[in-house]
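So that the names make sense, note that chain A is the first sequence line, chain B the second, and so on, each numbered from 1.
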Protein chains: 2
Amino acid sequence: MVTTRDESVLRGSPYRADCPTRRILDRIGDRWTVLIVVALSDGSARFSELRRRIEGVSQKMLTQTLRGLERDGLVSRTVHPEVPVRVEYALTEAGRTLREPLRALEEWSVAHLGEVSASQEAYDRTH
Amino acid sequence: MVTTRDESVLRGSPYRADCPTRRILDRIGDRWTVLIVVALSDGSARFSELRRRIEGVSQKMLTQTLRGLERDGLVSRTVHPEVPVRVEYALTEAGRTLREPLRALEEWSVAHLGEVSASQEAYDRTH
DNA sequence: CTGTATCCGCTTGGATACTG
DNA sequence: CAGTATCCAAGCGGATACAG
């Protein structure tokens with residue numbers, strides 16, 4: 001089934017620069033977004049706790065990435081006006097739905113990482 | 001169930017900088033890799049055809065990304081020694097297995113893009 | 001046709017210092 | 001504690017020219 005243009009959403013749109021997949025990948029393709037979603041999978045966490053959990057993330061990038069996720073409606077931010085202030089982050093309902101496709105990707109990664117690494121080494125030996 | 005450290009692979013490793021998910025996302029998170037995999041989903045294609053199909057890709061990036069995929073063993077490259085030379089690219093067996101998790105992500109994108117866009121607009125109005 | 005090589009701007013992201 | 005502001009280096013990726 002090949003139509004000349006405007007194919008089904010699943011096969012046609014990815015070719016376009018403004019396709020949904022492209023836009024989502026632009027968002028989650030950065031260094032920290034996925035790690036934050038995973039880190040929040042089990043429940044809420046406060047800023048400093050996230051920073052400890054996610055190895056290597058800087059304060060700037062953690063803040064910046066959390067803002068992006070909040071803007072997308074995938075993460076909620078709750079400020080408890082105590083002293084010192086306490087801020088809780090958690091996945092929203094929409095954010096929780098993202099866990100499944102990410103887990104599929106993760107399973108693929110775990111299943112194929114060895115194969116990919118082997119291929120890379122073989123390639124590097126001959127090029 | 002909260003363990004202090006070294007959780008199960010699926011829940012614990014994503015926190016590490018060298019976890020499989022992180023490595024795979026570093027690879028497919030770039031601008032063109034996923035689009036190429038999708039463009040090759042239906043079968044092989046030659047270089048110039050891919051360039052036409054994938055809107056906006058430069059010659060340099062198409063070559064570079066295809067080399068990366070070939071190195072990972074996800075795409076095969078076949079040179080037909082004719083004049084002018086013809087080069088066919090196709091997904092390998094491993095490459096084809098990547099379509100499923102990508103499709104899951106794409107379905108999520110399509111299903112939630114409107115919701116995400118609305119959230120962004122609401123956020124931008126209040127910040 | 002299918003690349004390779006070079007230059008170069010822009011973005012990403014880390015380090016550091018400072019604030020409510 | 002949870003940020004904000006600034007500076008800066010590395011690298012991604014586009015444009016262009018050239019080659020087998």
Side-chain angles (χ1 to χ4, degrees), chain A residues 15 17-18 22-37 39-40 44-72 75-90 123-124 126-127, chain B residues 15-18 22-37 39-40 44-72 75-90 123 126-127:
Chain A
Y15 299 68
D18 60 344
R22 183 93 293 280
R23 290 191 49 181
I24 294 300
L25 273 153
D26 282 342
R27 277 295 294 112
I28 73 169
D30 65 38
R31 204 160 208 64
W32 304 111
T33 294
V34 169
L35 295 184
I36 290 178
V37 171
L40 289 173
S44 66
R46 44 194 306 191
F47 188 85
S48 52
E49 192 180 341
L50 282 176
R51 203 178 168 192
R52 273 193 308 274
R53 276 201 218 172
I54 302 172
E55 177 178 291
V57 68
S58 67
Q59 191 174 39
K60 172 189 169 183
M61 290 316 299
L62 182 54
T63 300
Q64 187 172 303
T65 310
L66 282 168
R67 288 293 171 279
L69 284 166
E70 189 191 356
R71 179 170 180 265
D72 292 343
V75 160
S76 66
R77 176 175 181 271
T78 310
V79 180
H80 301 270
E82 311 167 351
V83 270
V85 64
R86 194 173 95 247
V87 181
E88 293 276 346
Y89 291 94
Y123 183 95
D124 292 343
T126 59
H127 292 78
Chain B
Y15 299 66
R16 307 293 315 283
D18 60 344
R22 182 93 294 279
R23 290 191 49 182
I24 294 300
L25 274 152
D26 282 343
R27 277 294 293 112
I28 74 169
D30 65 39
R31 206 159 207 64
W32 303 113
T33 294
V34 169
L35 294 185
I36 290 178
V37 171
L40 289 175
S44 67
R46 46 193 303 190
F47 187 85
S48 52
E49 192 180 342
L50 282 176
R51 205 180 167 188
R52 273 193 309 272
R53 276 202 219 172
I54 302 172
E55 179 179 289
V57 68
S58 67
Q59 191 175 41
K60 173 189 168 181
M61 291 315 298
L62 182 54
T63 300
Q64 188 173 303
T65 310
L66 282 167
R67 288 295 170 280
L69 284 166
E70 189 191 355
R71 178 170 180 264
D72 292 342
V75 159
S76 65
R77 177 175 180 269
T78 311
V79 180
H80 301 271
E82 311 166 352
V83 268
V85 64
R86 192 174 96 247
V87 181
E88 292 275 347
Y89 291 95
Y123 184 95
T126 60
H127 292 77

Euclidean distance, atom CZ of residue B:Arg27 to atom P of D:dC12 [Å, nearest integer]: 11 Å
Rounded off to whole Å, could you give me the CG-to-P distance for the B:Asp30 and C:dC10 pair? 21 Å
D:dC1 C1' sits how many Å from A:Arg77 CZ, rounded? 12 Å
Roughly, in whole Å, what's the span from CD in A:Glu82 to P in D:dA2? 10 Å
Please report the distance, rounded to the nearest Å, between NZ in B:Lys60 and P in D:dT16. 14 Å
A:Ser44 side, atom OG; A:Arg77 side, atom CZ - distance, nearest 0.5 Å: 14.0 Å
Once you round to the nearest 0.5 Å, how far does CD of B:Glu70 lie from OG1 of B:Thr65? 12.5 Å
Step-by-step side chain to side chain contact (heavy atoms under 4.5 Å, CB included) determination, B:Phe47 to B:Thr63: CA-CA 8 Å; B:Phe47 187 85; B:Thr63 300; 3.5 Å; yes
In this structure, CG of A:Asp30 is separated from CE of A:Met61 (nearest 0.5 Å) by 6.5 Å
Is any side-chain N or O of A:Arg31 closer than 4.0 Å to OP1 or OP2 of C:dT11? no
Closest approach to the side chain of A:Ser48, judged atom by atom: which nucleotide of D:dA2, D:dG3, D:dG14 is it? D:dA2
Is A:Arg51 touching bases, backbone alone, or none of the nucleic acid, heavy atoms closer than 4.0 Å? nothing
Can you tell me how far P of C:dT2 sits from CD of B:Glu70, to the nearest Å? 15 Å
With a 4.0 Å cutoff (strictly under), does any side-chain N or O of A:Arg46 reach OP1 or OP2 of D:dA2? yes
Could you state the atom-to-atom distance from CZ of A:Arg67 to P of D:dG3 in whole Å? 5 Å
To the nearest 0.5 Å, tell me how far A:Glu49 CD sits from A:Leu40 CG. 9.0 Å
Over all strands shown, is B:Gln59 touching base, sugar-phosphate only, or nothing at heavy-atom distances under 4.0 angstrom? base
B:Tyr89 side chain N/O closer than 4.0 Å to the phosphate oxygens (OP1, OP2) of C:dC1? no
Can you check the B:Gln64 CD to D:dG11 C1' distance for me, whole Å? 10 Å
